[in-house]
Amino acid sequence: MSILTRLVSNLLGARAAASGTRAAERACAEAAQLLKQGQTTQAEAAFSRALAHDAASFGAHSGLGVLYHRRGDRAGALPHLLRALEVEPRSREIALLAAQNLRAAGRPRDAVATLESVLAAAQQDPAIAYELARSRRESGDFDGARRNLEALAEHAAQHPGIVEELAIVHRECGNIDRSIECYERLTGLLPDHSRVESARLFHELYRRHDREAHLARHVRWGERFAPRSLCRGDHANQPDSERRLRIGYVSADFWRTSAAPFIEPLLEHRDRSRYLVTCYHASRHDDEVTRRFREQADRWRDATDLDDEALSDMARSDSIDILVDLNGHTRGGRLTAFARCPAPVQLAYLGYGASTGVAAIEYRITDRFIDPIGEADRWYTEKLIRLPGSMWCFAPPRAAPVVRAAPVAVRGAPTFGCFNNFAKVGAELIDAWAAIGAQVPGARFLLVGVPEGETRLQVAERFARRGVGPERMAFHGRVGPEDYYGLYHEVDVALDSFPYNGGTTTCDALWMGVPVVTLAGTSTLERSGLSLLTAAGLADWVTGSSEEYVAKAVSVAGQPQRLSALRSGMRARIAASNLCDGGRFMVGMEQALRDMWRMWCERRKHGERP
């Protein structure tokens, strides 16, 4: 029985007698009966009458909190749930519901405090312990979350939620091997869950891996969850190669995410006379970025609650000619909907650094830097379409502060920084950074997104082995946009992660006047830095090995005047570069789209079907 059902069937009625005056008591009892009959509007009115008689009615506050929660009105539910807890602080059901709403409202620390207030009376309660672990993780207490989850796992090792949460905690602490072990266990517990296996595929990209085995696993995913047999080829689209095309973009990243600055040029700089764009928004997030994208698109569709068939049918009814997946196997991806072939031409772009493995996705947009001609094609089930320049085009942040002078000019020694997702930071990378520090006396390191506690101690220990003491280290956890951009004022040189390069963080660093040292490896995500820096006109900051990476950083550290001069003109340089030239980028992108469409028209003329 769910928490809400228990509250409705037992709690509200049973505790109404303790909620205050007789009038409030009768109103709560009436509300409980109305709820049982499914008359929620009338129940809401009865609870409100109860509060008019007794403002401290536990039954009325908890009842309204549950009602609003069930409607999805978290803002309305939370005040009532918290007030109910003030009346009965040990109410396990209300505490759990309040904590869930507090997390959803971006208040995980308050959720932790709420759950701790009932923990003493619910020590063996797995639901409380699980929610407490999630709240601790979201508040930045990864050590506490891990301890909670490991204790839970001793009694519920086969609980999928616990295993997945452990995977997330290990990933955020940079323990990718352990995170993948958890996802492997999770695929065993949920073998028919396509998104679990997608997560396993995605996390493999964070570490060095066997590309052949990884591709084979993608192919198996496609055969199982997106088989060719689902594809319908009965498209009624007019095979006119030069008409105005209807392009559809499917994404869970139409909001403030790391992908958004690369999505915006697709909307802002398109040729509206030749391309009509529909966005299929597959996320509940809705912020200022979402609103801007909604205005830029010709048509906007909310696809959050649509299943695969419904999403496919929607794209078909919109007569989409070319449907573009922007997520791949990342969170929120809708690859299984693409398996139904809702559009004549389907392709993957941007969001995922490997093949999708989906037979119905015919093409992948890339470039010659990330996927060298003649070398990379064998690693994809899709046909590679290389843009003439970089596959990346960056829309600069609109609220970034003005670039300040290089801190090395004041300190006399450089500060190296890395703002990349800490899941990309493994032991090999940390050792390379420590080697830089050992060769540049006085150099400082500013690392953002590093969890407090054991993770920071472990990083500091690896630096200390090379003689870089803790006084030269500065750590920050995840920070908001204002603090994030402000921290670039303290950095002279950004150190890219490898084997998983940065994307948005590399562009943000450049926009804030900070040059980036990157290492170009062999696989897709090991070469995004090469593509970005080449587009930015900074190809001389690209290295080919860890030894070259260290040597480059050491070399530029000894050139403070060069760093200062580069910083002062960096923003203007980046703004004028190919990296931010949305018009140039879209000429290449739209040519690629048009060429794909022409090929489909040609096949249709000859009677070919998928």
Side-chain angles (χ1 to χ4, degrees), residues 167-168 170-181 183 198-211 213-215 217-218 253 257-259 261-262 327-331 333 348 350-356 364 366-367 369-372 376 379-380 390-392 394 416-433 447-451 455 459 462 478 494-509 516-534 541-546 548-550 553:
I168 295 171
H170 286 312
R171 179 194 68 212
E172 294 299 298
C173 293
N175 299 322
I176 292 301
D177 290 345
R178 295 194 66 183
S179 179
I180 290 175
E181 287 173 5
Y183 277 114
S198 282
R200 167 66 180 82
L201 291 170
F202 170 63
H203 282 73
E204 192 68 55
L205 298 174
Y206 283 110
R207 66 181 182 182
R208 300 194 186 281
H209 56 274
D210 182 331
R211 293 190 77 181
H214 198 223
L215 174 60
R217 193 158 187 164
H218 281 85
D253 289 316
T257 67
S258 59
F262 303 106
N327 278 110
H329 288 279
T330 61
R331 183 181 295 274
L350 187 64
Y352 187 64
S355 175
T356 65
R364 172 183 170 83
T366 183
D367 64 46
F369 308 106
I370 287 176
D371 290 307
W379 301 119
Y380 302 91
S390 174
M391 65 169 281
W392 305 80
F394 180 67
F416 295 99
C418 182
F419 291 34
N420 295 8
N421 184 339
F422 192 70
K424 300 178 181 180
V425 179
E428 179 187 8
L429 180 59
I430 296 171
D431 287 343
W433 292 346
L447 307 180
V448 177
V450 187
T455 302
V459 173
R462 296 195 79 92
R478 289 184 178 273
L495 298 172
D496 198 4
S497 53
F498 62 81
Y500 194 150
N501 292 170
T504 308
T505 48
T506 295
C507 297
D508 285 338
V516 182
V517 178
T518 191
L519 192 164
T522 57
S523 65
T524 303
L525 291 170
E526 292 179 272
R527 300 178 65 82
S528 56
L530 166 63
S531 180
L532 291 167
L533 291 180
T534 300
W541 288 76
V542 180
T543 65
S545 68
S546 58
E548 288 182 18
Y549 178 95
V550 172

Self-check item: CA sep, side-chain torsions, deciding dist, call: Y500, L429, side chain to side chain contact (heavy atoms under 4.5 Å, CB included)
Solution: CA-CA 10 Å; Y500 194 150; L429 180 59; over 6 Å; no
Practice problem: Find the distance between NE2 (H209) and CD1 (I176) and round it off to the nearest 0.5 Å. | Solution: 12.5 Å
Exercise. Apply side chain to side chain contact (heavy atoms under 4.5 Å, CB included) to the pair L532 and F394, showing each step before the final yes or no.
Key: CA-CA 9 Å; L532 291 167; F394 180 67; over 6 Å; no
Self-check item: Test item: side-chain donor near acceptor, S179 and H170, under 3.5 Å
Solution: no
Quiz item: Do the side chains of L447 and F422 get nearer than 4.5 Å, heavy atoms only?
Solution: no
Exercise. Kindly check if the number of other-residue, nucleotide or ligand heavy atoms within 6.0 Å of CZ (R478) is above 12?
Key: no
Quiz item: Taking atom CG of L215 and atom CH2 of W379, what is their separation to the nearest 0.5 Å?
Solution: 7.5 Å
Quiz item: Less than 4.5 Å apart, any side-chain heavy atom of S546 and any of F498?
Solution: yes
Quiz item: What residues form a side chain to side chain donor-acceptor pair (under 3.5 Å) with R207, not counting sequence neighbours?
Solution: D177, E204
Quiz item: Do V516 and W541 have side chains that get closer than 4.5 Å, going by heavy atoms?
Solution: no
Exercise. Using only heavy-atom distances, determine whether the side chains of D371 and Y380 contain a donor-acceptor pair under 3.5 Å.
Key: yes
Quiz prompt | Any donor-acceptor pair under 3.5 Å from T504 side chain to S258 backbone | solution = yes
Quiz item: Could you walk me through whether N327 and D253 pass the side chain to side chain contact (heavy atoms under 4.5 Å, CB included) check?
Solution: CA-CA 8 Å; N327 278 110; D253 289 316; 3.0 Å; yes
Practice problem: If the plane angle is over 60° it's perpendicular, under 30° parallel, otherwise tilted; pick one for H329 and H218. | Solution: perpendicular
Quiz item: What's the verdict on side chain to side chain contact (heavy atoms under 4.5 Å, CB included) for T506 and N501, showing C-alpha distance, side-chain angles and the deciding distance?
Solution: CA-CA 9 Å; T506 295; N501 292 170; 6.0 Å; no
Quiz item: What distance separates L350 CG from F262 CZ, expressed to the nearest 0.5 Å?
Solution: 7.5 Å
Quiz item: Can you tell me how far the CG atom of N421 sits from the CD atom of E172, to the nearest 0.5 Å?
Solution: 5.5 Å
Quiz item: Sequence neighbours excluded, which residues qualify as side chain to side chain donor-acceptor pair (under 3.5 Å) partners of Y183?
Solution: none
Self-check item: Rounded distance [0.5 Å steps], CH2 in W433 versus CZ in R462
Solution: 12.0 Å
Quiz item: Is there a side-chain contact between E526 and L519 (heavy atoms, below 4.5 Å)?
Solution: no
Quiz item: How far does CG of L205 sit from CZ of R211, to the nearest 0.5 angstrom?
Solution: 9.5 Å
Exercise. Would you name the heavy atoms of V542 and A520 that are closest together and state the gap between them?
Key: CG1-CB, 3.8 Å
Quiz prompt | Donor-acceptor under 3.5 Å (D367 side chain, S390 main chain) | solution = no
Quiz item: Taking all atoms of both residues into account, what is the closest heavy-atom pair of T543 and E548, and its distance?
Solution: CG2-O, 3.6 Å
Exercise. Examine distances only and state if a side-chain atom of R527 and a backbone atom of G521 form a donor-acceptor pair shorter than 3.5 Å.
Key: yes
Practice problem: Considering non-hydrogen atoms only, spot the tightest contact between G529 and D496 and give its length. | Solution: CA-OD2, 4.2 Å
Quiz item: Nearest heavy-atom pair of S497 and N420: which atoms, and what distance?
Solution: OG-ND2, 2.8 Å
Quiz item: Counting only N and O atoms by type, is there a donor-acceptor contact under 3.5 Å from the side chain of H214 to the main-chain atoms of D210?
Solution: no
Quiz item: Is P499 close to L525 at the side-chain level, that is, under 4.5 Å between some pair of heavy atoms?
Solution: no
Quiz item: So, for P451 and G449, which heavy atoms are closest and what is the spacing to 0.1 Å?
Solution: CD-O, 3.4 Å
Quiz item: Taking all non-hydrogen atoms of both residues, which atom of K424 and which atom of G502 are closest, and how far apart?
Solution: NZ-CA, 3.8 Å
